Amino acid sequence: MRILFLDKNILVDRRIDLFSLSLKKLGHETRLLYLEPPIGFEERFNADIHSIPVSDTPGADAPLAKGVFPPPPHVQPNINPFLGDSRLRRLRFEALYDAAKAQVSGLALKKRDIFRLSLAYPDLMRERLESRGQLGIFERLTSLLLGVFAFPILLPKFFAGEQSGYPTTAPSGVKLTPFDNAVLRHAAEAWTPDVVTANDFPTLRAAVTIKRHLGIPVIYDSHELYSYQPGVPPENARRIFAEERKLMDHIDGLIVMNELHAHIVERDFGYTGPYAICTNATNVPEGFDAKKRYNLFRERLPIPANHKIMMFQGGVNTGRRIDFLLRGLAKARRGDIHMVFLTWGSEVPSFREMAEDLGIGGRVHFLPFVDWDKVLFYAGSADCGFLPYQATDQNTSISSPNKMYEFIMSGTPMIGSSDLHYVNEIVGGNKFGVVRPLRADIDYALAIEEMFDESLGGADRFREALISKGPKFSWDNEVKPALKLYEMAAGKRFAPRSRKVRPIVQAERILVDTSSLGEPK
């Protein structure tokens, strides 16, 4: 089986690499179509990697039980019957139809009930009427009229793809971008897959269009609640949510991070199809030993041997609460604790300046990010990892952070917020580190002091649990349900929209300078 992965991030998501390796072990072929090939990834990457030309880039409520928030405002628009998502419209229609039928004790609906439902849902009401064995004169006339009323709903679907050549519009009604067009042409002409995988929302439009064009199934690997992320402007959030909801009507399998992620998708998107849970787990790279402590940070930084090292890996910004972390470190009573960031981002200079202003500049260090298969060696060089996130939004509240699994597999104790449901459950429940509510500067300071409290056993008191329980959180264990989802999707085939194609124009395959696209998330 050929499996095509699509990714539109500036850094390759390690999940694709791990998925590729797992699928190759089962005898499948994999290929990644990517924004631009990352330096050094071409030879070692587990998927056959191909670059794609592209010239575009696309206040919190209180949480409920288990970190679940109420649906945000952009999830609750009035659904226009001519523009709304077909799955949610169908669910609403069926509920109203059943309720109206129940009011007349199971008898046929009254004519006024049929009329009211017909005005709001002409296409679905016509479908309901024509599914009945025999239609009366009134129902026949109603069905005929509904065919006229439903035409505007069916019209966008008719124009969603051209009848010859390639489509120019996705099934969601959104115009295809150069990236979408490029991956569609590649899948149609260069390497025809059996399954296409969308790596998060930015590639879902292209994946669903490939499905419609070639008649192959789509697996949607959704590891973010994309429109729920903090910092997304409300109008953008509404647009993203509306398109994602429509596109999910066309997917054949969904991969989510955890059960709460699945719950939110079912509640807000109306998705009831097959899904599998696959966390942000990782595997131990070749040559790494979690029982061994490494010394990579002290080899690169002037950190005394008797001082303690905390670590954060990934992009830094205020949304990730790095400012709280630095102020907490400044307030902690111990002055022998260093904070090292393996990072990138436009805010690095301001955080470096902030550390100087707080008087901890000599204990805060910034190093360039490293490839994901080297991260565990650096994590194994730290005394403690830090997950500084706060549960101020739905996406973060139910997250299963990459860093948590990297610290687990490296045998490194960590600090995290008990407000994050899965951090509290996994780190706190398995005694992998210190969990406490992280809401103010002092909370970070107290967590640091608790981690390194010698009277409690210091950070080393958590290592026995990490070494003994850590392997069950490996990628090889976590990926098994998702691999079964691929097996289920493999046999599916659909009537393609069109197989007529135009030849590739080689001049279009030009890499662009991605520096204009902004920093990776």
Side-chain angles (χ1 to χ4, degrees), residues 9 13-19 22 63-69 199-201 219-230 254-268 275-284 311-315 319-321 372 375-376 379 385-435 437-438 465-466 469-483 485 521:
N9 293 309
D13 195 310
R14 79 164 185 220
R15 289 173 65 84
I16 301 176
D17 205 7
L18 291 167
F19 262 123
S22 297
L64 303 175
K66 292 186 176 180
V68 176
F69 286 59
N199 184 58
D200 235 327
F201 169 75
I219 299 294
Y220 182 24
D221 186 6
S222 171
H223 35 100
E224 299 276 1
L225 288 167
Y226 218 79
S227 63
Y228 299 64
Q229 296 181 92
L254 176 69
I255 301 174
V256 293
M257 294 294 100
N258 48 57
E259 287 288 357
L260 291 183
H261 189 172
H263 166 70
I264 298 298
V265 171
E266 180 179 358
R267 183 194 71 182
D268 295 350
Y275 74 93
I277 292 174
C278 183
T279 68
N280 278 314
T282 189
N283 276 338
V284 173
M311 170 185 174
F312 176 89
Q313 65 273 32
R320 293 185 167 186
R321 301 304 190 257
W372 70 263
V375 167
L376 264 65
F386 216 119
L387 310 173
Y389 316 114
Q390 296 178 11
T392 55
D393 64 274
Q394 183 66 87
N395 190 61
T396 306
S397 175
I398 64 168
S399 63
S400 297
N402 289 351
K403 300 160 189 60
M404 178 173 70
Y405 293 96
E406 290 165 349
F407 293 140
I408 291 173
M409 297 309 294
S410 68
T412 304
M414 71 202 83
I415 296 171
S417 174
S418 58
D419 291 333
L420 274 63
H421 178 71
Y422 286 97
V423 170
N424 186 54
E425 182 179 272
I426 295 174
V427 179
N430 291 283
K431 300 188 183 306
F432 289 165
V434 172
V435 290
L438 298 180
L466 284 160
K469 300 178 183 179
K472 78 173 184 178
F473 295 95
S474 70
W475 172 265
D476 288 340
N477 283 332
E478 298 286 302
V479 76
K480 292 176 182 177
L483 295 179
L485 193 65
K521 64 177 184 179

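In this text the structure is predicted, and so the values were computed from the model without any measurement.
- Here the side chains of S222 and L254 are in contact, with some heavy-atom distance below 4.5 Å.
- Identified under the salt bridge (charged side-chain N to carboxylate O under 4.0 Å, His left out) test for residues 469-479, with sequence neighbours left out: none.
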Side chain to side chain contact (heavy atoms under 4.5 Å, CB included), that's the test. Do M311 and T412 meet it? Break it down for me.
CA-CA 10 Å; M311 170 185 174; T412 304; over 6 Å; no
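- Two residues are said to be in side-chain contact when any heavy atoms from C-beta on lie closer than 4.5 Å; Y228 and T396 fail this criterion.
- Rounded to the nearest 0.5 Å, atoms CZ (R267) and CD1 (I264) are 4.0 Å apart.
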Decide side chain to side chain contact (heavy atoms under 4.5 Å, CB included) for L225 and I398; before the verdict, give the C-alpha distance in whole Å, the side-chain angles of both, and the deciding distance to 0.1 Å.
CA-CA 10 Å; L225 288 167; I398 64 168; 3.7 Å; yes
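- Using a 30° and 60° split on the angle between ring planes, Y226 and F201 fall in the tilted class, from 30° to 60°.
- For the pair F312 and K403, the minimum side-chain heavy-atom distance is below 4.5 Å.
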Before you tell me yes or no, could you show the steps for V423 and M414 under side chain to side chain contact (heavy atoms under 4.5 Å, CB included), namely the whole-Å CA-CA distance, both residues' side-chain angles and the distance that decides it to 0.1 Å?
CA-CA 10 Å; V423 170; M414 71 202 83; over 6 Å; no
Is there a side chain to side chain donor-acceptor pair (under 3.5 Å) between S400 and N280 once you walk through the steps?
CA-CA 6 Å; S400 297; N280 278 314; over 6 Å; no
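- When side chains are defined from C-beta on, P413 counts as touching L466, because their heavy atoms get closer than 4.5 Å.
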When you look at L387 and L420, which way does the side chain to side chain contact (heavy atoms under 4.5 Å, CB included) test go after all the steps?
CA-CA 10 Å; L387 310 173; L420 274 63; over 6 Å; no
Check step by step if side chain to side chain donor-acceptor pair (under 3.5 Å) holds for N199 and H223.
CA-CA 8 Å; N199 184 58; H223 35 100; 2.9 Å; yes
Run the numbers on E224 and N395 for side chain to side chain donor-acceptor pair (under 3.5 Å), then give the verdict.
CA-CA 7 Å; E224 299 276 1; N395 190 61; 2.8 Å; yes
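- Taking CG of L485 as the start and SG of C278 as the end, the distance is 10.5 Å to the nearest 0.5 Å.
- Rounded to the nearest 0.5 Å, atoms CE (M257) and OG (S399) are 10.5 Å apart.
- Ring geometry for F473 versus Y405: interplanar angle of 30 to 60°, hence tilted.
- Side-chain atoms of P481 and I277, non-hydrogen and from C-beta on, never get closer than 4.5 Å to each other.
- The line from CZ of F407 to CD1 of I415 is 10.0 Å long, rounded to the nearest 0.5 Å.
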Could you go through T282 and W372, starting from their C-alpha distance and side-chain angles, then the distance that decides it, and tell me whether this counts as side chain to side chain donor-acceptor pair (under 3.5 Å)?
CA-CA 9 Å; T282 189; W372 70 263; over 6 Å; no
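- Closest approach of L18 to A281, counting heavy atoms only: CD1-O, 3.6 Å.
- Once rounded to the nearest 0.5 Å, the distance linking NE2 of H261 with CD of Q394 reads 9.5 Å.
- Considering all non-hydrogen atoms of both residues, A482 and I255 come closest at CB-CD1, 4.0 Å.
- Distance alone, capped at 3.5 Å, places no donor-acceptor pair between the S397 side chain and the D393 backbone.
- To the nearest 0.5 Å, atoms CZ (R14) and CH2 (W475) are separated by 8.5 Å.
- Under 3.5 Å, the side chains of D419 and Y389 contain no donor-acceptor pair of N or O atoms.
- Judged purely by atom type and a 3.5 angstrom limit, N258 uses its side chain to pair as donor or acceptor with the backbone of L260.
- The heavy-atom pair separating P437 from S417 by the smallest distance is CA-OG, 4.2 Å.
- Between G314 and R320, the closest heavy-atom pair is C-NH1, 3.9 Å.
- Within the 4.5 Å cutoff, side-chain heavy atoms of Y422 are placed close to those of E259.
- The minimum heavy-atom distance between V427 and G433, with the atom names listed, is CG1-N, 3.7 Å.
- For T392 against R321, the heavy-atom pair with the smallest separation is OG1-NH2, 3.2 Å.
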